[in-house]
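Note sheet for the following structure.
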Amino acid sequence: MNLPLDIIQQTTTPFYLYDLKLLHNTLDACISESNKYGYHVHYALKANTNNEILQIIKEKGFGADCVSGNEIKKAIEIGFNSNDIAFAGVGKSDAEINIALDHNIFSFNCESLPELEVINEIAKGRGQVADVALRINPNVNAKTHHYITTGLEENKFGINMWEMDDLLERLPSLTHINLIGIHFHIGSQITDLSVFRGLCIRVNEIQDYFIKKHVQLKHINVGGGLGVDYENPDTNAISDFATFFKIFNDHLKLLPGQQVHFELGRCLVAQCASLITKVLYVKNGVKTNFAIVDAGMTELIRPALYQSYHHIENISNTSEANEKYDVVGPICESSDCFGKAVKMPHTQRGNYIAIRTTGAYGEVMASAYNLRDRVKAVYIN
Ligand code: LLP
């Protein structure tokens, strides 16, 4: 992404710098590859709910994938079409179910029989019928960080196949539920794309089960999860959408008229932002030099929470990176560290540092811990 030092110097740090041109290019790449197969892509709002970013994504024609009532409200406010909004989450409150019904959304991605019963009751009380997809836990290993693995039986998400006979027996009595499809989401930051082939094979088996039960499914939603290259953000700025969608086209068996839906978050927005921060102090230790910067885990929690790697660079000094620094924030937690032994050129107070690939699950996960100011955003074209 473009990191113009002149613009950066005009803004008080820390802030997220969004490269809108890269965002447009990424979205266009996704659209042209998914259109080849007539796939419907919903943007997973949880990755980034910044208004400017949402506006661009909406204008490109993406649907929305929401996980809270407020995300549904936000999607509507931005102008996403309510017929294109899917609503997932293991713990939908009554108030949130009502918000979704207010807007006649495309689909509740329902995660348990008790939830199905509650949605049925609420819809009945309102004289409505709720369109529902069953979120199924396919027991497929996404081979990613255990905190962002969602498709294993040990995870809290989705309905297990061994519960399905009971559920289908119960379904005819749920008169205010209209079953429109099935939904899967096995995890996030998936870089081994063979995992998606495994998902397709499992979805095919599950489809066979529904065919045997004479249940018709119009929509197959295979979720999100396509990863990005955190190590090489410049050489690999756009995820391999061509291979990703082709895997589904090659391996997913569809019935006539079935529509395939995706819920992509990270791969659409991660590379278009960097967290820009300034070095406050350099502390030379015995073994380690610390570059203490003015952003902390309050602005970007991913390294502290998932030990995730983000490429870090000193953009004020672009000479050879021949020193090592632990790049740490000002928060009173030892986990407030963006990277250990990061290779950088000689680094001093006042230098600008870019923490790359932070457009997804960055600004949106910021907190006010230590009563920190809300992190700002700056946009370049
Ligand atoms: N659909 C569902 C039901 C999801 O739970 C998620 C992400 C997505 C779609 C979008 O997945 P994506 O395409 O972004 O991988 N905060 C973590 C990531 C949590 C992902 C949660 N679910 C992180 O910073 O890595």
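Order of appearance sets the numbers: ligands from 1, and atoms from 1 within every ligand.
Partners of Lys58 by side chain to side chain donor-acceptor pair (under 3.5 Å), not counting sequence neighbours: none found. Applying the side chain to side chain contact (heavy atoms under 4.5 Å, CB included) test to Ala354 and every residue at least two apart in sequence or in another chain returns Leu3, Ser274, Ile276, Glu313, Ile315, Arg356.
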message = Is there a side-chain hydrogen bond (donor to acceptor under 3.5 Å, both in side chains) between Ser107 and Asp131? Walk through the geometry before answering.
response = CA-CA 5 Å; Ser107 156; Asp131 287 332; over 6 Å; no
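Contact check on Glu71 versus Lys74 returns no salt bridge, with no Lys/Arg side-chain nitrogen under 4.0 Å from an Asp/Glu carboxylate oxygen. The pair Glu111-Lys92 does not meet the salt-bridge criterion, since no charged nitrogen lies less than 4.0 angstrom from a carboxylate oxygen.
Compare Met365, Arg135, His185, His42 by their heavy atoms: the one nearest to atom 8 (C) of ligand 1 is in His185.
Close contacts of ligand 1 with Gly265, meaning ligand atoms under 4.0 Å from a residue heavy atom, involve 12 (P), 13 (O), 14 (O). Of all atoms in ligand 1, listed by their number and element, those nearer than 4.0 Å to a heavy atom of Leu264 are 13 (O). Set against the non-hydrogen atoms of Ala44, the atoms of ligand 1 under 4.0 Å away are 10 (C).
Between His183 and ligand 1, not a single N/O pair is under 3.5 Å apart.
The distance between the ring centers of Phe248 and Tyr37 does not fall below 6.0 angstrom.
Under 4.0 angstrom from ligand 1, the non-hydrogen atoms of Arg302 all belong to its side chain. For Val67, no heavy-atom contact with ligand 1 is shorter than 4.0 Å.
At least one heavy atom of Gly225 lies less than 4.0 angstrom from ligand 1.
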